[in-house]
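Atoms within each ligand, like the ligands themselves, are counted from 1 in listed order.
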Amino acid sequence: MDTVGTAGFRGEVGSEQWAPAARVRDMGTSIFTEMTELARRTGAVNLGQGVPELPAPPALLQDVADAVRSGNNQYPPAAGFPALREAIAAHQLRRYGLDYAPTGEVLVTTGATEALAAALLALCDPGDEVIAFDPCYDAYAADARLAGARVVGVPLVLDGDGFVLDADALRAAVTPRTRVLLLNSPHNPTGKVFTPEELAAVADVCREHALTVVTDEVYEHLVFEDGARHVPIATLPGMRERTLIVSSAGKTFNVTGWKIGWVCGPAPLVAAVGSAKQFLTYASGTPYQEALARALGSVEEWAAGVRDTLRANRDVLSAGLAGAGLHPFRADAGYFLQADVRPWGYDSGIDFCRELPRRAGVVAIPTSAFYLTPGAPAWLVRFSICKREDSIRKAVEQLAAAR
Ligand SMILES: *Cc1c(COP(=O)(O)O)cnc(C)c1O
């Protein structure tokens with residue numbers, strides 16, 4: 001997602017001195033905005049933002065059109081269109097054996113973005129701490145701040161060709177103020193899938209310290225490795241009762257503009273999220289909700305095709321980056337992969353990304369934009385793979401030529 005970049009502005013409004021509220025001050029224009037603009041200006045292949053170039057299921061598009069035309073265009077119930085809540089509950093049971101009541105334990109939101117914001121607003125008091133694994137999705141720190149809380153980063157450690165959990169660092173990060181642990185697996189921006197051992201270690205810490213877990217599972221259907229499956233931490237012993245699962249249709253169905261997400265969890269937690277959510281948007285997207293209720297029933301067949309495309313893109317881009325002399329890391333899922341750009345003589349991913357459009361006609365995002373903690377590797381760069389095959393191939397050819 002792009003940060004909108006609201007609050008750099010200070011100055012005069014009419015005759016008054018004006019500054020934005022502290023909670024949004026310095027959330028200013030992000031590197032995403034800068035890189036998207038650079039791609040537009042230079043015509044470079046845009047492997048920056050995670051906006052899919054891939055198609056959505058034709059039947060789903062038809063169903064939305066039919067829903068709009070048949071007049072389902074008014075507010076749905078605040079908790080979500082009932083058939084969609086039933087489809088979400090059925091999906092959780094069928095795939096993961098997780099049993100949620102469609103009424104009370106499932107809440108439809110305006111994308112995972114609203115679900116995450118509403119969850120932190122509902123779970124955190126000012127001064128509370130939220131743990132997230134670093135690097136992480138940029139909304140986490142912003143959402144914590146909106147809630148008056150503070151996000152504490154626990155760095156994932158670079159080990160060989162991948163990123164791994166440091167369970168001791170996680171334990172050391174917990175304080176009496178820690179309320180929530182945010183877990184994102186499959187992970188943006190690294191493409192990491194937390195292993196069963198890592199999930200067990202995270203669950204131990206959460207049970208021991210009575211933390212509530214908010215899991216961001218928007219890439220749940222996009223695990224590439226054959227036989228490897230996404231495992232929600234809520235399926236581990238003692239975890240369902242303390243976990244809010246957040247997911248979304250956007251990444252699974254290549255409909256990121258629809259902003260239909262959801263939350264599943266125990267009724268008291270979901271009710272708290274609903275309290276915040278009703279005054280953020282109340283509800284949204286009735287025709288999309290109606291159509292997605294049907295699509296979710298056969299999501300596995302659809303997602304298999306998306307996975308094949310993304311896996312092929314990952315293979316082509318990884319090989320292309322390596323061939324161009326850069327050093328790609330393993331990515332097992334999702335929309336992104338990481339590369340070390342030091343072999344091209346850059347210590348700074350920001351410098352690399354600012355020069356890459358002119359040098360190779362490609363746009364990427366410096367991973368430093370996703371790090372909370374100082375001292376993170378500055379030379380990591382994120383490339384997105386949710387693009388058409390010809391875009392990926394063109395990027396690879398241009399990187400090879402620019403070597
Ligand atoms: C894209 C993304 C989201 C946002 O999902 P929406 O449904 O578009 O709001 C949340 N978390 C992660 C990790 C993402 O990559």
Side-chain angles (χ1 to χ4, degrees), residues 1-4 30 32 36 47-54 56 60 80 84 88 107-121 130 132-144 146 151 153 156 163 180-194 213-223 230 232-233 244-264 273 276-277 280-281 283-285 288-289 292 295-296 299 306 310 331-338 365 367 369-372 382-387:
M1 191 196 64
D2 230 357
T3 303
V4 181
S30 72
F32 300 94
T36 301
L47 305 186
Q49 255 191 299
V51 180
E53 286 179 355
L54 308 172
L60 175 60
L84 179 55
I88 292 163
L107 174 71
V108 179
T109 57
T110 304
T113 302
E114 188 195 35
L116 292 162
L120 292 193
L121 289 169
V130 174
F133 295 106
D134 212 10
C136 65
Y137 189 58
D138 57 348
Y140 301 167
D143 290 341
L146 291 176
V151 75
L156 295 169
F163 293 76
V180 173
L181 181 138
L182 263 166
L183 175 68
N184 174 213
S185 181
H187 184 255
N188 174 7
T190 65
K192 170 186 175 59
V193 177
F194 281 67
V213 184
V214 176
T215 65
D216 181 340
E217 306 188 16
V218 301
Y219 298 106
E220 63 182 311
H221 285 283
L222 306 181
V223 179
H230 169 62
I233 198 168
L244 278 170
I245 295 180
V246 171
S247 193
S248 164
K251 308 294 164 61
T252 301
F253 292 106
N254 296 319
V255 292
T256 56
W258 291 5
K259 301 301 275 192
I260 303 294
W262 50 85
V263 177
C264 298
V273 178
K277 181 255 178 334
L280 293 172
T281 58
S284 60
Y288 303 118
Q289 291 195 28
L292 282 165
L296 209 52
V299 60
V306 180
L310 291 173
D332 292 332
Y335 273 10
F336 306 105
L337 65 83
Q338 295 287 324
I365 301 283
T367 307
F370 300 91
Y371 271 103
L372 304 163
R382 188 192 81 168
F383 292 85
S384 57
I385 55 174
C386 54
K387 306 295 173 182

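- At a heavy-atom cutoff of 4.0 Å, ligand 1 is contacted by the side chain of Asn188 but not by its backbone.
- Residue contacts with ligand 1, taken as heavy atom pairs separated by less than 4.0 Å, involve Lys259 solely via side-chain atoms from C-beta onward.
- Ring pair Phe194/Phe133: centre-to-centre distance below 6.0 Å.
- If you take SG on Cys136 and CZ on Phe370, they are separated by 9.5 Å, rounding to the nearest 0.5 Å.
- Taking only nitrogen or oxygen atoms, main chain and side chain alike, Thr256 does not reach within less than 3.5 Å of ligand 1.
- Within ligand 1, the atoms closer than 4.0 Å to a non-hydrogen atom of Ser248 are 6 (P), 7 (O), numbered from 1 in the order shown.
- At a 4.0 Å heavy-atom cut-off, ligand 1 does not touch Tyr335 at all.
- With 3.5 Å as the limit, one finds a donor-acceptor pair spanning the side chains of Glu114 and Thr281.
- The proximity of Lys251 to ligand 1, defined as any non-hydrogen pair under 4.0 Å, is limited to the side chain.
- With 3.5 Å as the limit, one finds a donor-acceptor pair spanning the side chains of Gln49 and Thr36.
- One distance of note links CG of Asp332 with OH of Tyr219; it measures 15.0 Å at 0.5 Å rounding.
- Annotation: Gly111 places no N or O atom under 3.5 Å from an N or O atom of ligand 1; distance criterion only.
- Distances between N or O atoms of Tyr219 and those of ligand 1 include at least one value under 3.5 Å.
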Exercise for review: For Val218 and Asn188, run side-chain contact (heavy atoms from CB on, under 4.5 Å): C-alpha distance rounded to whole Å, both residues' side-chain angles, the deciding distance at 0.1 Å, then the answer.
Suggested key: CA-CA 10 Å; Val218 301; Asn188 174 7; over 6 Å; no

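- Only the side chain of Asn184 comes within contact range of ligand 1, with a heavy atom under 4.0 Å; no backbone atom does.
- A side-chain donor-acceptor contact under 3.5 Å links Thr113 and Lys259.
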